[in-house]
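A quick write-up on the structure given underneath.
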Amino acid sequence: MTALLGLLRKEVYHILRDRRTLVVIIALPVLQVILFGYAIRTDVDHVRLAVVDPTPDPVTLAIRSRFDAAGVFRTVAVLRRTDALEQFFKRGTAQGAVAFEPGFSEHLARGLPARVLILADATEPNTGSIVQAYAAAVIQGYEREQRQAGMRVRIVPDLRMRFNPTRESSNLFVPGLMAFVLTIVSSLMTAISLTREKETGTMEALLVSPLRPWQIIVGKVAPYLVVGFISVVGVILEARLAFNVPLRGSVTLLLFEGLIFILVSLSLGILISARTSSQRVAMMGALAGTLLPTMLLSGFIFPIESMPWPLRAISIVVPARWFVLVARSIMLKGVGLAYLWPETLVLLAMALVLLAASTYSFNERLES
Amino acid sequence: MRRILFLAWAEVLHVVRDRATLAQVLVVPVVQLLVLSNAATLRIANTPTYVVDLDHTSASRGLMTRFSASGFFRVAGQSASPALANEALLRGDVTMVLTIPHDFESAIVRTGLAPIQLTINAEKGSAAGIVQSYASNVVSAYAAELGGTMQRPGRVAETGTGEQGAVRGVSRIDVRTRSWYNPTLNYKHYMVPGILVALVTLIGTLLTAQNIAREKELGTLEQLNVTPITRGQFIAAKLLPFWVLGLVDLAVGLTVGGLVFGVPMRGSLLLLFGSAALYLIVALAIGLWISTLVETQQQAMFVTFFMMIVYLLMSGLFTPIDSMAPWMQMASELNPVRHFVTISRAVLVKGAGLADVARPLIILAVYGAVTLSLAVRQYSKRTA
């Protein structure tokens, strides 16, 4: 036991001494919460709108003022002709445009359909669609108000946004960020720290010491567990304080699932280190094998449902995908094991298989 | 000048000889382009929807068909039980529940005003907003369609009192929408020009940082320092091959993007490559600067990786700049990646000309001058 404590102390010194790495481990999650909270958003707001109004009249002026009053739009230019629009879109000074036809109110007064065209810069398709929908809603709102004796059929959708009524983007990324941080600390750092002992030859020294193999692993891995746990708690705290991210479900369950995920990541880290001999290869392996899938294929940023089937198939074996799903459900929906047992079982199975595989590789390497 | 060329040629030989580097330069970008453009999509399609139809009339069935025919929704379940729908929503099987009340059709016929209920899983906040706007489009299109069929007799009856009819506002405002530059709403046309920038950045910054760090590690940097070559010549020779490589990579990526994804190339390619040449100076200078900070290749990789994450997330590559918090938008002005992403999208997708992208180009030029001179100064200080 004293030997194990000694190894633990040595490992803690290692972590504390390598300032550059420590700063990256601690700064990265903090910075990412800020980046994701403020930069990775897709809310459409303050839309820069150009108006083409060849013959301004009371009706078009009324509609224009409704656009200004809607709160979503900011009129950047009022033009006479549509040709000038092109330039606005190309420079990005306008994101959307509303073009009235000449003699708009005259047409309305004569009972003819008065045409209005809504243009959106759909380079980014989602923003384009939302801008169109907002603009159409403004004009329809005006029309509805004008026509009290509603001849047309109206279907009024009663909208309910469940689980995240204000549609806060930040609520979404925190569970994913937890998975990301745990992967960095558990897989990447473990793999590097174990291969470093190999590269410098000190692993041999550890192996001939009275320490048992499992004690070596525990001694090497436990400090990173603590660092990972601290980072995760930091992420949750920062997210709660800065962005008011809810935590509706059971904290115990969340920590329990987190523990399974940490086990999975640690086993992956040990597995990578057992299979590689240099830090550089270990780092590349950890990057390609754990970090990138966690970022791209876990549904953390990009919805899995939108991906083509080969990527969806690969995402099934990405542990982070299941953890993100579970963590999100617990935090935002507040559901318990009754709903989450299949995902939990998948995570448990992954943990068992990977633990067995990594222990096997480590022992095999010891004997040879 | 000859010295520069010699050293640059040595550098090219290094790259060509080392299989790993060659793969990093030629294969990895293509793979990244293929995977990223498929994975990094915020496209919303086939939203799984649960329909609770309590009306069971032709009107309610019509609404349901419009939803499934729109391509944005897929009816994943259907029953008359709100409890089952809630269950499916909680389990995460469906993203939206459409509830049609039992007097839906009769309400339309009697009053022309019918309520329905849309419950959207808003866990993914932004996606929910888009689902909502698609759903509203489907609903209002269907309402207009119903209104058209039901109104016709009424309108005919009213033609006699034309003047009065107009006053009562029977005539409608005819709203049409058009999506410029990306009429099919293809998300890949948005992502690929951005991913190309990420590729060029990675090549420029990571390879430069790693390359110089390796010379340091191996001790060959010291040897170069005692040769008659000047610092300026050394740096020019080091950066030149990677500058060319970056442009080659852009060409490769552009070809793949055009052939595989049919990415539009509406603007002048000369303008794009000219901007890339300018941008690469910035990327290379950052790589040079990183190499002066680190001792080993591993540290070079770690630091580059860290900076890349911050740069790429703040560049508007994945999510629009306009959606960022206002102070974040200001901060991202300092990010060179952002400006080249803007140029790349404007030129390729919108067909913008030199005058349209003048502002980001000037900013890039300023950055190029500043970062390069800073990196060179830092570099000479370190080794002096």
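Throughout, protein chains are lettered first and strands after them, A, B, ... in sequence-line order, and every chain is numbered starting at 1.
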Legend entry - Region of Thr127(A) that comes under 4.5 Å of a non-hydrogen atom in chain B: side chain

Legend entry - Val357(B) versus chain A, the contacting section by heavy-atom distance below 4.5 Å: neither

Inset, instruction - Could you tell me the separation between the CD atom of Gln329(B) and the NE2 atom of His46(A), rounded to the nearest 0.5 Å? - result: 8.5 Å

Inset, instruction - Would you give the length of the straight line joining atom CG of Asp121(A) to atom NZ of Lys350(B), rounded to the nearest 0.5 angstrom? - result: 4.0 Å

Legend entry - Proximal component of Val310(B), with respect to chain A [non-hydrogen, under 4.5 Å]: both

Legend entry - Top contributor to chain B interface from Glu101(A), Met331(A), Glu86(A) [non-hydrogen pairs under 4.5 Å]: Glu86(A)

Inset, instruction - Between chain A and each of Ser332(B), Pro320(B), Ala107(B), count heavy-atom pairs under 4.5 Å; write down the option with the most. - result: Pro320(B)

Inset, instruction - Answer with side chain, backbone, both or neither: which region of Ala331(B) has an atom nearer than 4.5 Å to a non-hydrogen atom of chain A? - result: neither

Legend entry - chain B contacts, top residue of Ala122(A), Gly92(A), Ala97(A) (heavy-atom pairs, under 4.5 Å): Ala122(A)

Inset, instruction - Under 4.5 Å heavy-atom distance to chain B, tell me which part of Leu188(A) shows up: side chain, backbone, both or neither. - result: side chain

Inset, instruction - May I ask you to decide if Gly351(B)'s main-chain N or O and Lys90(A)'s side chain share a donor-acceptor pair within less than 3.5 Å? - result: yes

Inset, instruction - Answer yes or no: are there more than 12 heavy-atom neighbours, outside Arg266(B) itself, under 6.0 Å from its atom CZ? - result: yes

Inset, instruction - Assess whether atom CH2 of Trp327(B) is packed by more than 12 heavy atoms of other residues, nucleotides or ligands within 6.0 Å. - result: yes

Legend entry - Contacts of Tyr311(B) that satisfy ring-ring contact (aromatic ring centres under 6.0 Å, His included) - sequence neighbours left out: none

Legend entry - Part of Arg312(A) within contact of chain B (heavy atom distance under 4.5 Å): neither

Legend entry - Gap between atom CZ of Arg91(A) and atom CZ of Arg359(B) - 0.5 Å precision: 11.5 Å

Legend entry - Pair Gln95(A)-Asp322(B), side-chain donor/acceptor within less than 3.5 Å: yes

Legend entry - Most chain A-contacting option - heavy-atom pairs closer than 4.5 Å, from Gly267(B), Ala135(B), Pro48(B), Ala355(B): Ala355(B)

Inset, instruction - Starting at CD1 of Ile130(A), measure out to OH of Tyr134(B) and round the result to the nearest 0.5 Å. - result: 8.0 Å

Legend entry - Region of Met324(B) that comes under 4.5 Å of a non-hydrogen atom in chain A: both

Inset, instruction - Let me know if Leu119(A) has heavy atoms under 4.5 Å from chain B in its side chain, its backbone, both or neither. - result: both

